[in-house]
Protein chains: 2
Amino acid sequence: MASIKHDMNDNYGLEESLQIDDQQIMSMSVKELNTLLKSMKPNDAAHIKRRRRILKNKGYAASSRNRQTSLVGNLSVERSQLVKQINQLRGDNETLSQELRGWKQRYSDLQLLTTPPTSTASQNTTTESSK
Amino acid sequence: MASIKHDMNDNYGLEESLQIDDQQIMSMSVKELNTLLKSMKPNDAAHIKRRRRILKNKGYAASSRNRQTSLVGNLSVERSQLVKQINQLRGDNETLSQELRGWKQRYSDLQLLTTPPTSTASQNTTTESSK
DNA sequence: ATGATAAGTGAGCAC
DNA sequence: GTGCTCACTTATCAT
């Protein structure tokens, strides 16, 4: 058995006979639309209004999908950037660590040069202070 | 005017009369299903098969949406973690920089102590080398 | 009335 | 045949 359904999106010639297309139905202002609808049979007017709502909804749905898509896109891009930044910082860190080691060494060397060890014990103490 | 539509989701009593519900239709194996369908009128069999497909699709759609949702969720969480990591690294960086400055200073101080300036010019040169 | 979104459905692709 | 995803429709919510 088949059931009776509302007409939905099949415009079955109404719009064609009125020389109106979807774009116009959708973009017309409410004022313009009402003026137009008053010159039509109530059923046809209702049909057009319903069609307009559906068309707008279609647009909203598309926007929603686009938003969702670019949301994911943005997050992905952002992630790449953050990862890149992390790698950069890790590099900087490594560089700084090396520099730090270097200067500690230089300091230590200079210190040894400055205060030559007088005994095994004192040498140890001196080295400790610059670790 | 109204148009004739396929029956879609209104099961108009068929399933009830056969004592089958959506869950069973969906989860039955193909083998079981075929056995069942052979004992039915062709139209009813077709209806059940179509219904099964629709039910499965409904599930797929839900899965798809869940995936999409958790994708965004994961990306967001990941972003937070990355940002946190960056802040951590920046802190480390700052610490290292300060340590570095400190050691350079100590080196410089020790150097000044070791090789006292003999003239204004030579003092400048010494300072330059440790900046 | 308008805009947004979740859920269901159909179409069409890939395996 | 099964699973997936896109586009569309509907229902529903908020403004």
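Because the structure is a prediction, the values reported are computed rather than measured. Chain letters run A, B, ... following the sequence lines, proteins first and then strands; every chain starts at 1.
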Figure out the [atom1]/[atom2] separation between [X] and [N], and round it to whole Å.
X: A/Asn57; N: C/dG8; atom1: CG; atom2: C1'; value: 15 Å
X: A/Lys58; N: D/dA11; atom1: NZ; atom2: P; value: 17 Å
X: A/Met26; N: C/dT2; atom1: CE; atom2: P; value: 11 Å
X: B/Lys56; N: D/dT5; atom1: NZ; atom2: P; value: 17 Å
X: B/Lys49; N: D/dG1; atom1: NZ; atom2: C1'; value: 9 Å
X: A/Met28; N: C/dA1; atom1: CE; atom2: P; value: 15 Å
X: B/Tyr60; N: C/dA11; atom1: OH; atom2: P; value: 17 Å

Would you indicate which nucleotide in [options] comes nearest to any side-chain atom of [X]?
X: B/Arg50; options: C/dT2, C/dG10, C/dG12; result: C/dG10
X: A/Ile54; options: D/dT9, D/dT2, C/dA4; result: D/dT9
X: A/Val30; options: D/dG3, C/dA1, C/dG3; result: C/dA1

In terms of hydrophobic clusters joined by side-chain contacts under 4.5 Å, are A/Leu75 and A/Ile86 together?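 Looking at the clustering, A/Ile86 is in a separate group from A/Leu75.
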Give the cluster check for B/Leu82 versus B/Val72: same hydrophobic cluster or not, with ILVMFWY residues linked at side-chain heavy-atom distances below 4.5 Å.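 No; tracing contacts between hydrophobic side chains, which count when under 4.5 Å, never links both residues.
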Do B/Gln98 and B/Thr95 have a side chain donor and acceptor closer than 3.5 Å?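 No - no donor-acceptor pair under 3.5 Å links their side chains.
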Taking A/Lys104's backbone N and O only, do any of them form a donor-acceptor pair with B/Arg106's side chain (distance below 3.5 Å, no angle check)?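 Not confirmed, B/Arg106 side chain does not pair with A/Lys104 backbone.
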Is there a donor-acceptor pair closer than 3.5 Å between any side-chain N or O of A/Ser63 and the backbone N or O of A/Gly59?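 It does hold such a pair.
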Please list residues of residues 62-73 of chain A whose heavy atoms come under 4.0 Å from any atom in DNA chain D, ordered by number; otherwise none.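 Within this stretch, A/Arg65 sit under 4.0 Å of the strand.
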Closest contact, heavy atoms only, B/Arg101 versus B/Glu94: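 Result for this residue pair: NH2-OE2, 4.0 Å.
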Hey, is the side chain of B/Arg52 pairing donor to acceptor with the base of D/dG1 inside 3.5 Å?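 There is none.
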What residue pairs, at least two apart or across chains, pass side chain to side chain donor-acceptor pair (under 3.5 Å) with a residue in residues 64-84 of chain A?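 Residue pairs with at least one partner in residues 64-84 of chain A: A/Glu78-B/Arg79, A/Arg79-B/Glu78.
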Might you work through the side-chain contact (heavy atoms from CB on, under 4.5 Å) test for B/Arg52 and B/Met28, ending with a clear yes or no? CA-CA 9 Å; B/Arg52 177 183 163 91; B/Met28 246 187 302; 4.3 Å; yes
If the helix axis at each end comes from five base pairs, how far does the helix from C/dA1-D/dT15 to C/dC15-D/dG1 deviate from straight, to 10°?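 End-to-end axis angle: 0°.
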With the threshold set at 4.0 Å, does a side-chain nitrogen-carboxylate oxygen contact exist between A/Asp22 and A/Arg51?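 Salt bridge between A/Asp22 and A/Arg51, a charged N being under 4.0 Å from a carboxylate O: yes.
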